[in-house]
Amino acid sequence: MSHSLQFFTPSRAPYLTLQKLPATSYTRFPVINFPIKKHSLTITKSSSSDLDAASPQVLDSGNGQTGAVGGLSADNVVVVPSHVPSDSGTAAGIDVDSVTEVELKENGFRSTRRTKLICTIGPATCGFEQLEALAVGGMNVARINMCHGTREWHKMVIERVRRLNVEKGFAVAIMMDTEGSEIHMGDLGGAASAKAEDGEIWTFSVRAFGTPRPERTINVNYDGFAEDVKVGDELLVDGGMVRFEVIEKIGPDVKCRCTDSGLLLPRANLTFWRDGSLVRERNAMLPTISSKDWLDIDFGIAEGVDFIAISFVKSAEVINHLKSYIAARSRGGDIAVIAKIESIDSLKNLEEIILASDGAMVARGDLGAQIPLEQVPSAQQRIVRVCRQLNKPVIVASQLLESMIEYPTPTRAEVADVSEAVRQRADALMLSGESAMGQYPDKALAVLRSVSVRIEKWWREAKRHEAMVLPDVGTSFADSISEEICISAAKMANNLEVDALFVYTKTGHMASLLSRCRPDCPIFAFTTTTSVRRRLNLQWGLIPFRLGFSDDMESNLNKTFSLLKARGMIKSGDLVIAVSDMLQSIQVMNVP
Ligand SMILES: Nc1ncnc2c1ncn2[C@@H]1O[C@H](COP(=O)(O)OP(=O)(O)OP(=O)(O)O)[C@@H](O)[C@H]1O
Ligand SMILES: CC(=O)C(=O)O
Ligand SMILES: [K+]
Ligand SMILES: [Mg+2]
C-alpha cells in the first residue's frame, strides 16, 4: 500500500488549481482507494500486483557497461547490473558485489557512509591495483592535479579509473584540478623534495637553471617576481611550511635566508608578505585561468572528466565563462565546475561565486597562505554553510591527515579536524599528499571512512537535527515546489524513521535537494544517465544508481523493489518514501 501526495503544476495538469499545502497537513489525509482528480492534492492507494521480477529492467552502476554501484567497502552500497549495454539499454537483472550485500543484510541502510571521499592520485596511487584498492576502500572521486605530471600521465590515470569502472563495476568519478596562475616554484629538477635549513641562503629566480639544478636554487614561474618583492619581505612556501626572508636582489635572482626550516616540495605555492600583510601586486592581475589551464581544460573535456575544479577563483565571472565554454564544447555540457575557495578575493565574492558554480572546495592549503591561519576554521564553516544553503556540494580539502604522509596513524588533532568537517556535514572530504605521494594512502582513506561513519552515527543517535533554515533557491515556481517536496519528504523521513528515501531524477536536481536536507536515512537516487550518476557521487548521503525508468511512478517503484529485493538490498516491510522529478508527489510505503 502506498500513501501518495501529489502536486500538479499547471504544465502537467492545466485543469487543476495549483495549491501548495503546508507539509504538516500531508499525513493527516486518510488513505482512499481512488485518486481524487478535482483537487490539487491526491492521495492514492497503489497495488503491487504487477510486481514482476522478470520484467525488463535496468539498474546500473553508472559506467554504462556492467558493475557495482558505489564501492566494495563495507560502508558503501553497491549494486551491479549483470549486462547493461548503454544509457538507454535494458537488462534483465542486477548483480550486487558481495561486500555490500553482506553489509546491507547485516547492518541495514543506516550504517552506510554519507560523507563522500576524494583521493588525489599521484605517484603513490597511479597503478591499477593501487587505484582498485582505493575504490574498494571507498574512494568516490579520483582527483588529478594539473600542477603536477604530464598530460600523458593524467590520461593514463583517467584510463585506468575508467577501466576499473568498466571491469570491476565501480563508478568512481574524475575531478580535474587546474594549476591556476598563482606564483609557484618549479619542479626541483625532478627531485621529490629539498630540505631548507635555518640560516641557509637560497636563490629564487625566474631564470631556468640547468640540470643538475645548482644547490639551493629555486625556479619561480612568475616573470615579475624579482621586480615585485622587496628586501625585507617574508617569503612563505606552501603557506608557511618553510619561510625565508628576502635579503638581496641581483637582476632576476632574489637571495633569501631561510628563517623556518622545512621540506620544499615540487611546484609548491609561494606568497610574499610585507609588514604582516599579503602582497598582491601584479600577480593579482594574472588571469584565473592561464593559457596552460585552457589547454588542460580542453584535455579534460576531451577525456570526459566529471568535474573541473578551478584554482584561485576570484569572481563569478570566470565560472560563468568556463561554464559556457564547456557547454559549447562537451556533449550535453555535463561537466560540473567546482570553485576552489583559496584566495582573499574568493572569500569576498563567496556567495556569487558559489551561486555560479556547481560546487565548491574549501582549499585550506592555499587559503591558509592568504589569510591568517586562525581564520581558516571560521572561513571553512562559512563556506560549508553557504554551499548547503545554495544547494551546492562542498568539499573540505587539505591537510586532513597530513601526518599520515609519513606515519600509519593520524594525530588526535587530525581526527578531531576530520570529525569537525563531518559534523559540519560537508559533502566530501579530500586527501591530497596523503594519497598522492604518502606512504599510507589506503590507511588514510580508512581513517576518513571510519571517522565519517562514527560521527554520522553519533549525530543521528543524538538526534541533532539542525534548525538550519534552507532558503528557497529555485528560480521558478515549479522549482520551489520541488524544494518544498524535498524538505517535507526529508522531514517525514526523520519523523517516521523510514529506512530509505528513493528519488527518481533525470537531471539529479531532486536528489541534490534531498541531500541538502541531510536526512537521517540514506537516499537511493535513481537516474537514467551514467554521467549524472557519477556526479551524484560527490553529494552527501546519495547512493546513486542508474536505472531505466518511465514516467509511471508505480511501475518504477515496483521495478526497483523487485530489483533491490532480488539482491537482498531491501526486504518486505522496509519503510520507504519516494519522490520524483516527473511527478510532484511524495509517496510513503512499505516494501511489498
Ligand atoms: N600527479 C602528481 N605527480 C607527482 N606528484 C604529485 C602529483 N599530484 C600530487 N603530487 C604530490 O602531492 C602533493 C600534494 O598534492 P596536492 O594535489 O595537494 O598539490 P599541491 O601542490 O598542494 O597543490 P594544490 O594547491 O593545487 O592542491 C604535491 O605537493 C606533490 O608533491
Ligand atoms: C586543494 C588546494 O588547492 C589547496 O588546499 O590549496
Ligand atoms: K591545483
Ligand atoms: Mg591550492
Side-chain angles (χ1 to χ4, degrees), residues 118-127 130-131 141-158 160-161 174-188 190-194 221 236-242 262-271 288 290 292-293 296 299 307-314 338-344 346-347 359-371 373 376 379-380 383 394-402 404-406 417 421 426 428-439 441 444:
I118 305 175
C119 302
T120 302
I121 307 304
T125 41
C126 61
Q130 291 157 328
L131 289 167
V141 180
R143 166 182 178 253
I144 49 173
N145 187 348
M146 304 311 279
C147 288
H148 309 280
T150 59
R151 268 182 217 126
E152 288 65 42
W153 185 90
H154 292 293
K155 191 174 165 65
M156 174 201 74
V157 172
I158 293 171
R160 284 180 182 166
V161 173
I174 292 168
M175 176 180 294
M176 189 191 89
D177 193 324
T178 62
E179 178 167 335
S181 43
E182 293 298 292
I183 308 174
H184 62 75
M185 309 184 340
D187 65 2
L188 299 180
S193 64
N221 73 327
L236 269 61
V237 180
D238 255 347
M241 300 308 282
V242 190
L263 216 52
L264 302 170
L265 296 175
R267 299 182 156 265
N269 182 267
L270 295 175
T271 44
T288 301
S290 69
K292 184 215 177 234
D293 290 340
D296 287 339
F299 164 82
F307 302 95
I308 296 183
I310 297 296
S311 296
F312 297 102
V313 170
K314 295 181 189 125
I338 305 293
K340 292 176 69 186
I341 309 302
E342 53 183 343
S343 65
I344 293 175
S346 62
L347 284 177
M361 184 194 292
V362 190
R364 305 186 303 182
D366 286 303
L367 190 58
Q370 298 227 345
I371 61 174
L373 280 183
V376 174
Q380 171 178 325
I383 299 162
V394 61
I395 303 157
V396 174
S398 294
Q399 299 187 339
L400 287 163
L401 296 171
E402 189 78 358
M404 291 191 77
I405 291 176
E406 282 179 78
D417 177 50
L429 308 175
M430 188 175 106
L431 294 177
S432 296
E434 302 92 328
S435 55
M437 49 79 161
Q439 291 185 50

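When a ligand or atom number is given, it counts from 1 through the structure's own listing order.
Within 6.0 Å of CE on Met185 lie more than 12 heavy atoms contributed by other residues, nucleotides or ligands.
Heavy-atom contacts of Gly365 reach the following atoms of ligand 2: 4 (C), 5 (O), 6 (O) (cutoff under 4.0 Å). Interface atoms of ligand 2 facing Arg364, defined by a heavy-atom separation under 4.0 Å, are 5 (O). In the vicinity of Ala363, heavy-atom distances shorter than 4.0 Å reach the ligand 2 atoms 1 (C), 2 (C), 3 (O), 4 (C), 5 (O), 6 (O). Taking every non-hydrogen atom of Lys340 and a distance limit under 4.0 Å, the qualifying atoms of ligand 1 come out as 26 (O).
Not one N or O of Met430 is nearer than 3.5 Å to an N or O of ligand 2, by distance alone. At least one N or O atom of Glu342 sits closer than 3.5 Å to an N or O atom of ligand 2. By the 3.5 Å distance cut-off applied to N or O atoms, Lys340 is counted among the residues near ligand 2.
For atom 5 (N) of ligand 1, the closest heavy atom belonging to the protein is Pro123 CD, 3.5 Å. Looking from atom 12 (O) of ligand 1 to the surrounding protein, the closest heavy atom is Met437 CG, 3.3 Å. Nearest to atom 16 (P) of ligand 1 among the protein's heavy atoms is Asn145 ND2, 3.6 Å. Residue, atom and distance of the protein heavy atom nearest to atom 28 (C) of ligand 1 are His148 NE2, 3.5 Å.
Asp177 and Ser311 share a side-chain donor-acceptor pair at under 3.5 Å. Remark: the Arg364 side chain and the Gln380 side chain contain an N/O donor-acceptor pair separated by less than 3.5 Å.
Residue-level proximity to ligand 1 for Asp238 is absent, since no heavy atom of it falls below 4.0 angstrom.
When all heavy atoms of Cys126 and Arg160 are compared, the pair lying nearest together is O-NH1, 2.7 Å. Residues Ala428 and Ile118 share a closest heavy-atom pair of CB-CD1, 4.0 Å.
Under the 4.0 angstrom criterion for non-hydrogen atoms, Asp177 is not in contact with ligand 1. Residue contact check for ligand 1: Ser311 places no non-hydrogen atom closer than 4.0 Å to it. Note on ligand 1: His184 sits outside its first shell, no heavy atom being nearer than 4.0 Å.
Using a 4.5 Å heavy-atom cutoff, the side chains of His184 and Leu270 are not in contact.
Remark: the backbone N or O of Pro441 is not paired with any side-chain donor or acceptor of Ser435 at under 3.5 angstrom.
If you check each of Ser398, Ser432, Ser311 against atom 5 (O) of ligand 2, the one with the closest non-hydrogen atom is Ser398.
Atom OE1 is the N, O or S atom of Glu342 at the shortest distance from the Mg ion (ligand 4). Asp366 has its closest N, O or S atom to the Mg ion (ligand 4) at the position named OD2.
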